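Here's the structure, in structure tokens; my notes come after.
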Amino acid sequence: MADDPRRQRERYLAEATRGLWGRERGVVREELEAHFESRVAALMLSGSSEEAALEATLAELGASRHVNDGLGRVYASPVVLGAAVRGAWRQFRARLVESLLIIVAIALGVGVVVAVASFLDIDARLASLMGSSLDMRELSVQALEDDDQAFTRGDAPQVVRLGEPNSAAPTFDLAVLEAFRNAAPAVDYAYVKEPEVVWAATGRGPQDGVIVFGVTGDFLAASGLQFSAGSAFTVSDIAEQRPVVILSRDAVRRLGIVGDAVGQTIGRSGSRAEYTIVGVFQALAGGRAVGGYLPYAPGGELRYLYFAVDDPREVESARSQLADFAHARWAERVTVATQPGIARLSRAQRLTALAIALFASVGLMVASLNVMNLMLARVVRRGSSIAIRRSLGASRADVRKELLVEGVLLGLMGGVAGTAIGAALLWGYNRSLELAAGGDGVGAAISWPALGVGVLLAVGASLLFSLYPAIVGSRQSLIATLREI
Amino acid sequence: MAPPLLSGSLELILLAIIAAGPRYGLEIITEANERTNGYFAFKEGSLYPALHRLEKTRLIKGEFAPSDRGGPRRRYYSLTALGRKRLAEKRGEWAEFTRAVESLIGVE
């Protein structure tokens, strides 16, 4: 049922003057009111009822938003960017539902991307949370014969490695290492490799220093180091804790040692002890640069235990034997996994992350296309008001600029809303972790880079996807549109 | 009429109508319609913003005055000195333009 014509008139006046302020609003309103009165009076004189006359006048006036658009352009010059922003803001208010739809489309896309970007940071904290809250040590097992280097870490392949210790987890020392070895006949080598010592240069070169590992006897047998000068220290060197060290060629270079390194001494940071270099080895192919090794000095808690086998087929039985022993002694507080298993898990995690990123990208793309569609529809519906602007002297570039500013404004709003959605998603995730696992969750929060990416993405996407609608809007047939008004 | 030709000609049309004496919106529309035999049957939706634009650029001046029929006040627009000058310029440009086009397209 149609509205009362008087109410329609009031609504028309309100819509036509929306966004205008002060004297301008008053002047336009009074002028339009007078227009209504004059026209209605004229039509009534020619025999129309008041209702019919009001309806006819409204029809003659055309859509209120055309008047409003035109007046808005007059009182908010698009030449200045600030005025263009005000114009865009006025359009936002005049087409609130439409604008909100665009903002929601942008916000959903950006929200997912921001949440995924922040997850990369959370992943590390989650791993840390799992380690600390479950009081577990994780052991990994792998074969020495590692043809494709897939399971070699550093310059020596490892079979079993203990995870990072924490206060409540079972502690390990050399006696535990021996106990493991005795319990697992399939294990060929059991050793310690503690990254505990940072060595400084001898004063003859750069002071950046190198990290040297304290190792036990089996390491030398398992590692297969190739020496270019001197040789490895011996089991008796280890047993008697002699101050000897073997260095990689890279470490010798970094420490600025000149001439034959073997026989020279190097110092240790924070200590007056001096160690004699007995051998220089070549880093294994594909291995990362390692400083060197020295006999492990017993004392303190071990961070890692390593177990190795010669035959890859023995990896699983070694793992099984080590696991049985660990479970018998520490129940579920120690887990044992093979390196291939860990590698598979790692690949699965990477694939999952990739899939999430892909879904997020597809989501953003769909959202962006939606934004373009909505912007296009918005521009086409405003054909008449754009035509009025053009007829009043605005160039195509002016029209394009205004539509782009509108796009950026909507993009900014969408970016802020999207970031809020991302934050809400992360908060929900954090809260569910807290409820499921106890503790403080992982402290999931929007990272500053993710925030920047989100807002930039929103503005960039909206600018990009406003471009086509802006071009379409500025090229509409002026005369045809104007005569339809 | 191509857009570049129309662009700016609305200004000329309005200035020319108002030059004859103070007019209010409805009068201007009626006059434009009648004098062009309905060619410029544009609606108020495009008129009022155009009038306010001209007023803002000080080519015309709007003033409320009582209606001659006793209704609410109407806003009458009249040319300013700047508006008269602009109208003269625009008329000259238009005449020159139409002469040039006519000589090309062969209108008698």
Side-chain angles (χ1 to χ4, degrees), chain A residues 12 16-17 20 24 26-42 45 57-77 384-396 398 474-485, chain B residues 1-15 22-30 32-33 36 38-77 86 90 93:
Chain A
Y12 188 97
T17 55
L20 300 178
E24 288 153 3
V27 166
V28 172
R29 190 181 169 90
E30 189 175 349
E31 187 173 24
L32 288 174
E33 275 175 342
H35 179 100
F36 267 104
E37 293 292 331
S38 300
R39 189 63 186 139
V40 167
L45 274 177
T57 306
L58 279 168
E60 286 170 1
L61 275 166
S64 57
R65 68 170 187 277
H66 295 152
V67 182
N68 185 251
D69 279 343
L71 289 167
R73 306 293 180 194
V74 172
Y75 292 113
S77 167
S384 48
S385 66
I386 290 172
I388 291 170
R389 285 266 303 114
R390 295 283 317 281
S391 71
L392 289 174
S395 66
R396 282 181 176 168
D398 287 337
S474 66
R475 286 188 178 171
Q476 288 181 98
S477 169
L478 182 57
I479 186 69
T481 315
L482 205 56
R483 292 188 71 181
E484 284 168 10
I485 296 172
Chain B
M1 194 182 287
L5 193 60
L6 184 68
S7 180
S9 61
L10 187 62
E11 180 182 307
L12 173 61
I13 294 162
L14 294 178
L15 290 176
R23 298 279 191 279
Y24 61 92
L26 197 55
E27 268 185 318
I28 295 170
I29 291 166
T30 311
N33 195 0
T36 61
Y39 188 87
F40 283 111
F42 50 79
K43 289 185 176 176
E44 293 83 341
S46 54
L47 173 78
Y48 287 110
L51 288 173
H52 282 257
R53 176 103 179 167
L54 293 178
E55 189 182 13
K56 201 181 176 196
T57 50
R58 297 179 184 173
L59 296 175
I60 59 174
K61 188 180 176 189
E63 278 176 321
F64 281 105
S67 163
D68 50 0
R69 294 181 186 176
R73 296 192 306 166
R74 286 171 178 157
R75 196 149 200 258
Y76 288 88
Y77 293 94
R86 174 68 64 87
K90 286 271 176 190
E93 282 171 16

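Being a predicted model, the structure only gives us computed values, none of them experimental. Proteins come first, then strands; the chains are lettered A, B, ... in the order of their sequence lines, and each starts at number 1.
The closest side-chain heavy-atom distance from A:Glu33 to B:Pro72 is not below 4.5 Å. Counting heavy atoms from C-beta outward, B:Arg73 and A:Glu30 have side chains that approach closer than 4.5 Å.
If you take CZ on A:Arg39 and OG1 on B:Thr30, they are separated by 6.5 Å, rounding to the nearest 0.5 Å. The distance from atom CD of A:Glu37 to atom CZ of B:Arg74, rounded to the nearest 0.5 Å, is 10.0 Å. The distance from atom CD of A:Glu24 to atom CD of B:Glu55, rounded to the nearest 0.5 Å, is 9.5 Å.
By the salt bridge (charged side-chain N to carboxylate O under 4.0 Å, His left out) test, A:Glu31 is found to be paired with no residue, residues two or more places apart in sequence or in another chain being considered. For B:Glu63, the salt bridge (charged side-chain N to carboxylate O under 4.0 Å, His left out) test picks out B:Lys61, with sequence neighbours left out.
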*Kindly indicate, with the supporting measurements, whether the criterion side-chain contact (heavy atoms from CB on, under 4.5 Å) is fulfilled by B:His52 and A:Val27.*
CA-CA 10 Å; B:His52 282 257; A:Val27 166; 4.1 Å; yes
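Counting heavy-atom neighbours within 6.0 Å of B:Arg23 CZ, excluding the residue itself, gives a total above 12.
The nearest pair of heavy atoms linking B:Pro49 to A:Val67 is CG-O, 3.8 Å.
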